[in-house]
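Heads up, the thing below is written out as structure tokens.
We name chains A, B, ... by the order of the sequence lines, and we start the count at 1 in each one.
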Amino acid sequence: MDSNEGSSLNLSASSIRITDVTQDGDTLTFAITSQKLGSSDGVCVFRTFEDFDWLHQNLCGQEDVPGLQGIIFPPLPAKPTPSQTHAQSKAVKQLGFLAMGNNWKIYCQALELYLQQVAAHTTLNKNKALDNFLTNAESPGKQRMRKGIFNRLSQAVEEMRKENHRDVDEFFQNKRDRNANLTALYKGTTERFLEVVLAKQRLAVDCGHFSTSLYLCVSQDDPAAVAFSKICLKLSEIFETVKNNFEIVADNDLSTLGLGLDLETRYQEAEKEMLFRRTCRLVELESASRSTEKAKPNRRAAMEEVKKAAEKEFDLVSSVAKEEIQRFHGSRVGVLRSFLIGWCEKQLSTAKQSSALFSQHLEACRELSED
Amino acid sequence: MAAEREPPPMGDAGQTDFREVEEGEDLFVSTVTTLESSPTSPEPASLPAEDISTNSNGPKQAEMLLDDDPEDLFAEATEEVCLDSPEREPILSDGPSPAITPVTPTVMISPRIEPAMFDRSLDEDEEEGENGDTFDMNISVSDPEKVGDGMNAYMAYKVTTKTSLSIFSKKEFSVKRRFSDFLGLHSKLASKYMHIGYIVPPAPEKSIVGMTKVKVGKEDLSSAEFVEKRRSALERYLMRTVKHPVLLKDPDVMQFLESSELPRAVSTQALSGAGILRMVNKAADAVNKMTIKMNESDAWFEEKQQQFENLDVQLRKLHASVESLVCHRKELSMNTASFAKSAAMLGNSEDHTALSRALSQLAEVEEKIDQLHQEQAYADFYLFSELLGDYVRLLTAVKGVFDQRMKTWSKWQDAQVMLQRKREAEAKLQFANKPDKLQQAKDEIKEWEGKVQQGERDFEQISKTIRKEVGRFEKERVRDFKVVIIKYLESLVHTQQQLIKYWEAFLPEAKAIA
């Protein structure tokens with residue numbers, strides 16, 4: 001069988017799909033399929049969020065990868081909170097766009113993208129955990145996870161002040177500044193877009209109510225009532241169409257641009273976390289240097305060693321970071337592009353359909369009033 | 001009848017910002033001031049016409065009560081005052097009209113569209129009059145202007161009539177009117193025609209029914225919006241009035257439309273003698289209605305009344321639905337504008353040139369879409385919300401004429417009872433040998449026989465008139481709604497076609513991102 005050089009993964013990254021999701025109480029189970037490289041054989045496994053988390057921790061906690069901390073880890077979506085449907089608004093508060101759409105479809109897409117990104121990452125896809133995750137019939141189960149040094153909650157409050165630590169490298173200082181700015185902007189834009197989509201969904205509900213109320217106005221009491229009823233029915237139909245339009249437009253929004261903005265926001269945050277890790281290494285290095293300078297002669301050699309190790313680590317991380325930044329900035333533009341195109345094409349198609357529908361209604365009404 | 005009140009713009013003479021103060025319920029609030037109040041009102045129609053005593057039997061009688069009352073301290077005050085409010089309207093001087101400050105609303109919510117585009121009153125060329133001629137008349141209310149300063153200020157509107165009807169001396173003419181003039185016109189028409197069964201269209205409300213429910217952040221209840229809403233309502237009111245073949249020919253209507261000077265409508269203000277009288281009559285009517293138990297011989301009337309009750313409930317529900325729609329649409333507009341700004345900032349911050357440009361274009365598209373949302377909100381409001389509101393108010397006028405019929409019947413019955421008594425009295429006197437009294441009794445019998453006959457004629461007449469009026473009302477209703485639906489659909493189609501344009505323009509920008 002063909003082997004990817006150095007990679008333990010012999011699956012095609014782009015073939016990874018989440019084909020189904022089932023809910024059992026509070027737990028969602030995802031069906032993941034992927035295709036073996038160079039063959040038409042496929043693999044299907046079932047995983048829960050815990051399994052994804054296990055995978056992510058493993059990726060983040062590898063000890064034998066030099067400069068691991070310089071990697072921008074593909075962002076894993078936050079844990080889904082199924083529960084009853086009336087708690088949907090709570091889910092939306094926590095997960096934003098990922099909680100929307102029927103049957104967690106947006107969430108599944110986000111997970112799918114995550115797996116594809118990991119599988120396509122030349123360093124990460126060497127990790128055996130990935131292969132295990134994607135091919136092992138048995139789920140990784142509740143294996144005790146090594147405490148990831150950098151899981152999402154890694155930035156403890158006392159470390160926040162390191163975020164502003166001045167960099168020694170202009171390239172990185174620049175990157176950090178731009179990233180901080182963009183992360184905030186993308187986050188804000190995503191949140192505002194979410195508000196837009198929620199407003200459209202509210203309008204759909206309103207139109208539905210109005211349509212139903214009109215339908216209830218129908219009566220056959222006498223000719224005058226019949227004439228008026230015809231009008232109410234017509235109007236009811238029209239608002240049903242308006243409602244459908246809103247629903248489809250909102251759905252277009254969240255399945256393309258919504259998902260895209262959410263992804264970009266989380267990826268920018270992932271880059272931010274990486275840059276922060278590097279900054280922390282820098283702080284350690286500088287602190288080690290100072291200690292070495294101040295050290296008493298008998299301690300100096302030991303301190304030198306520490307400093308040298310820190311320097312080596314820092315340089316490794318920085319060089320990996322540079323590559324990762326290049327990679328990220330290359331691919332993100334393509335990703336955004338495809339989401340933007342998808343969004344535009346869907347909305348254009350919907351607008352054309354709605355225009356035709358409303359025009360039909362208009363023609364019908366004009367004929368009606370000629371009676 | 002609720003009226004407009006213009007409070008002083010404190011210390012800011014000549015400011016263009018015109019604020020309307022929400023006042024509490026005044027005594028003459030019509031039962032439809034708040035649609036949230038209970039659907040069945042105890043009062044048939046709270047109109048200034050309530051000052052008609054039941055003895056009046058002709059259209060002209062009521063005018064006496066509208067004349068200047070020499071004892072009326074507030075004869076010059078033409079604004080309705082809320083008795084609960086701490087402010088009172090001062091006496092306006094009768095001098096030359098104060099300087100007119102044209103109002104340019106500082107907040108024009110949607111400069112690109114003509115709200116008048118959504119006026120339902122513009123399509124009346126096809127309207128057929130009763131005599132089979134085409135109804136060729138168009139009235140527009142425009143150019144709201146603030147007149148005067150401080151406590152004396154009010155809004156004046158230009159009323160332009162275009163017509164080819166021969167009853168008017170000119171083909172096109174315009175006059176200046178203020179809100180109380182409209183109220184005065186309605187008051188006169190109601191007093192002349194309601195008691196004989198004509199459905200007189202109600203004048204616009206003082207308080208803004210729907211808008212109070214609209215909680216919007218961006219667009220506060222700005223003065224410009226209010227003025228526009230009022231302007232539109234006044235226009236619809238006039239058009240509805242002149243579409244009525246009988247009202248059209250009324251001299252008060254013609255005077256309202258044609259003459260440059262109109263006597264101030266003093267009967268609309270609360271503190272006058274006429275005002276007090278109205279209050280009293282209104283209360284009396286409420287009591288009367290409760291005690292009239294009519295012996296309905298004509299099922300049609302009962303059925304119709306029930307239908308109108310149902311319709312009232314339905315219309316109010318629909319109105320509430322549309323209010324919600326308008327509110328949420330405005331929220332969508334706000335959210336869209338906010339998103340557009342965010343996207344613009346992103347566009348400025350992105351390094352990648354093509355991506356940056358695409359994001360900026362996205363921001364522009366979203367801004368344009370916001371504009372569409374606002375236009376659609378206008379359509380929702382001016383086409384549906386106001387239509388439904390108008391009909392809820394019209395229904396009270398309809399219910400009013402049914403009540404008037406009951407009163408007419410009651411009067412007829414009372415006359416019969418009285419006649420009976422007089423006959424009994426005469427019978428008694430036959431044996432009393434008092435020739436003077438006997439003659440008087442016979443005279444009285446004749447008198448009451450006449451009244452009974454008149455009562456029966458009145459009752460038959462009002463019944464006949466109501467049947468015709470109801471038929472007219474129902475035709476109008478169908479026509480009005482048809483017009484609105486078509487206009488609304490046109491706006492929907494327009495919106496979608498604009499969207500197609502925007503998306504088609506954006507697509508190449510998105511594709512250009514390399």
Side-chain angles (χ1 to χ4, degrees), chain A residues 178 181-182 185-186 188-189 191-193 195-196 198-200 202-203 205-207 209-210 213-214 216-217 219 221-222 224-225 227-228 230-232 234-235 238 241-242 245 257 329 333-334 336-337 340-341 343-345 347-348 350-352 354-359 361-362 365-366 368-369, chain B residues 303 307 310-311 314-315 317-318 321-322 324-325 327-329 331-332 334-336 338-339 341-343 345-346 349-352 354-355 358-359 362 366 384 470-471 474-475 477-479 481-483 485-486 488-490 492-493 495-497 499-500 502-504 506-507 509-511 513-514:
Chain A
R178 294 193 144 277
N181 186 32
L182 271 183
L185 286 178
Y186 270 104
T189 305
E191 283 165 1
R192 288 180 192 192
F193 192 55
E195 288 301 315
V196 169
L198 288 172
K200 289 180 190 174
R202 269 198 296 274
L203 274 172
V205 170
D206 280 346
C207 290
H209 285 154
F210 190 46
S213 297
L214 284 163
L216 295 175
C217 285
S219 91
D221 291 329
D222 57 28
F228 189 61
K230 268 199 204 145
I231 290 180
C232 290
K234 192 81 204 122
L235 200 53
I238 291 170
T241 310
V242 176
N245 180 57
L257 188 59
H329 285 266
V333 173
L336 279 172
R337 176 181 185 272
L340 282 170
I341 292 175
W343 180 57
C344 184
E345 284 175 344
Q347 297 294 31
L348 178 57
T350 302
K352 285 181 175 162
S354 293
S355 176
L357 274 173
F358 288 135
S359 295
H361 278 301
L362 183 56
C365 279
R366 282 191 175 137
L368 199 69
S369 60
Chain B
E303 281 164 16
Q307 281 174 26
N310 296 343
L311 183 64
Q314 286 165 351
L315 287 179
K317 191 159 165 214
L318 289 174
S321 260
V322 174
S324 183
L325 188 70
C327 176
H328 287 149
R329 188 143 0 221
E331 275 175 24
L332 174 60
M334 268 166 48
N335 294 346
T336 306
S338 192
F339 170 62
K341 282 203 189 79
S342 244
M345 289 201 297
L346 258 183
S349 301
E350 275 283 358
D351 274 332
H352 192 279
L355 180 60
L359 287 169
L362 193 163
E366 288 293 317
F384 284 115
V470 165
E474 288 178 328
K475 276 212 187 79
R477 178 169 47 129
V478 167
R479 208 168 5 224
F481 273 74
K482 273 184 183 164
V483 166
I485 290 180
I486 288 183
Y488 193 72
L489 276 171
E490 285 170 350
L492 289 174
V493 170
T495 300
Q496 294 304 317
Q497 287 178 342
L499 282 173
I500 291 172
Y502 300 153
W503 293 124
E504 279 178 343
F506 181 69
L507 190 56
E509 291 292 338
K511 288 189 167 158
I513 302 170

query: Under the 3.5 angstrom rule, does the side chain of Ser338(B) hit a backbone N or O of Met334(B) as a donor-acceptor pair?
result: no

task: Indicate yes or no for a side-chain donor-acceptor contact from Ser359(A) to the backbone of Ser355(A) under 3.5 Å, with no hydrogens or angles considered.
output: yes

query: Are any non-hydrogen side-chain atoms of His328(B) and Val205(A) less than 4.5 angstrom apart?
result: no

field: Side-chain donor or acceptor of Arg192(A) paired with backbone N/O of Thr336(B) under 3.5 Å
entry: no

task: Please look at Leu348(A) and chain B and tell me whether the side chain, the backbone, both or neither of the residue comes under 4.5 angstrom of a heavy atom of that chain.
output: both

- line: If you tally heavy-atom pairs under 4.5 Å between each of Leu325(B), Leu507(B), Leu346(B) and chain A, the highest tally belongs to Leu346(B)

- prompt: Looking only at side chains, do His209(A) and Ser324(B) share a donor and an acceptor under 3.5 Å apart?
  reply: no

- prompt: Taking C-beta and beyond as the side chain, do Arg477(B) and Leu311(B) meet within less than 4.5 Å on heavy atoms?
  reply: yes

message: I'd like to know which of Asn181(A), Leu257(A), Leu214(A), Ile341(A) tops the heavy-atom pair count under 4.5 Å against chain B.
response: Ile341(A)

- prompt: So which part of Leu357(A) gets closer than 4.5 Å to some heavy atom of chain B, the side chain, the backbone, both or neither?
  reply: neither

field: Phe210(A) vs Ile238(A) side-chain heavy atoms within contact, under 4.5 Å
entry: no

- prompt: Taking the inter-plane angle between the rings of His361(A) and Phe358(A) on a 0 to 90° scale, is it parallel (under 30°), tilted (30 to 60°) or perpendicular (over 60°)?
  reply: tilted

query: Pick from Ser321(B), Ser342(B), Ala358(B): which one has the most heavy-atom pairs with chain A under 4.5 Å?
result: Ser342(B)

- prompt: Of all of Leu198(A), Leu203(A), Leu340(A), Leu182(A), which one pairs up most often with chain B through heavy atoms under 4.5 Å apart?
  reply: Leu203(A)

- request: Tell me, out of Glu350(B), His352(B), Lys317(B), who's got the most heavy-atom pairs with chain A below 4.5 Å.
  value: Glu350(B)

field: Interface moiety of Glu366(B) toward chain A, non-hydrogen atoms closer than 4.5 Å
entry: side chain

field: Aromatic ring pairing Phe228(A)/Phe481(B), orientation class (parallel under 30°, perpendicular over 60°, tilted between)
entry: perpendicular

- request: Measure Glu474(B) against the heavy atoms of chain A and call it side chain, backbone, both or neither at under 4.5 Å.
  value: side chain

Option that, when pairs with chain A are counted at under 4.5 Å, heavy atom only, ranks first among Gln497(B), Lys341(B), Lys475(B), Glu504(B): Glu504(B)

message: So which residue, Leu499(B), Leu315(B), Leu492(B), Val470(B), ends up with the most heavy-atom pairs under 4.5 Å with chain A?
response: Leu492(B)

- line: Counting heavy-atom pairs under 4.5 Å with chain B, the top scorer among Lys200(A), Arg202(A), Glu191(A) is Arg202(A)

task: Select one option (side chain, backbone, both, neither) describing which atoms of Leu355(B) are under 4.5 Å from chain A's heavy atoms.
output: side chain

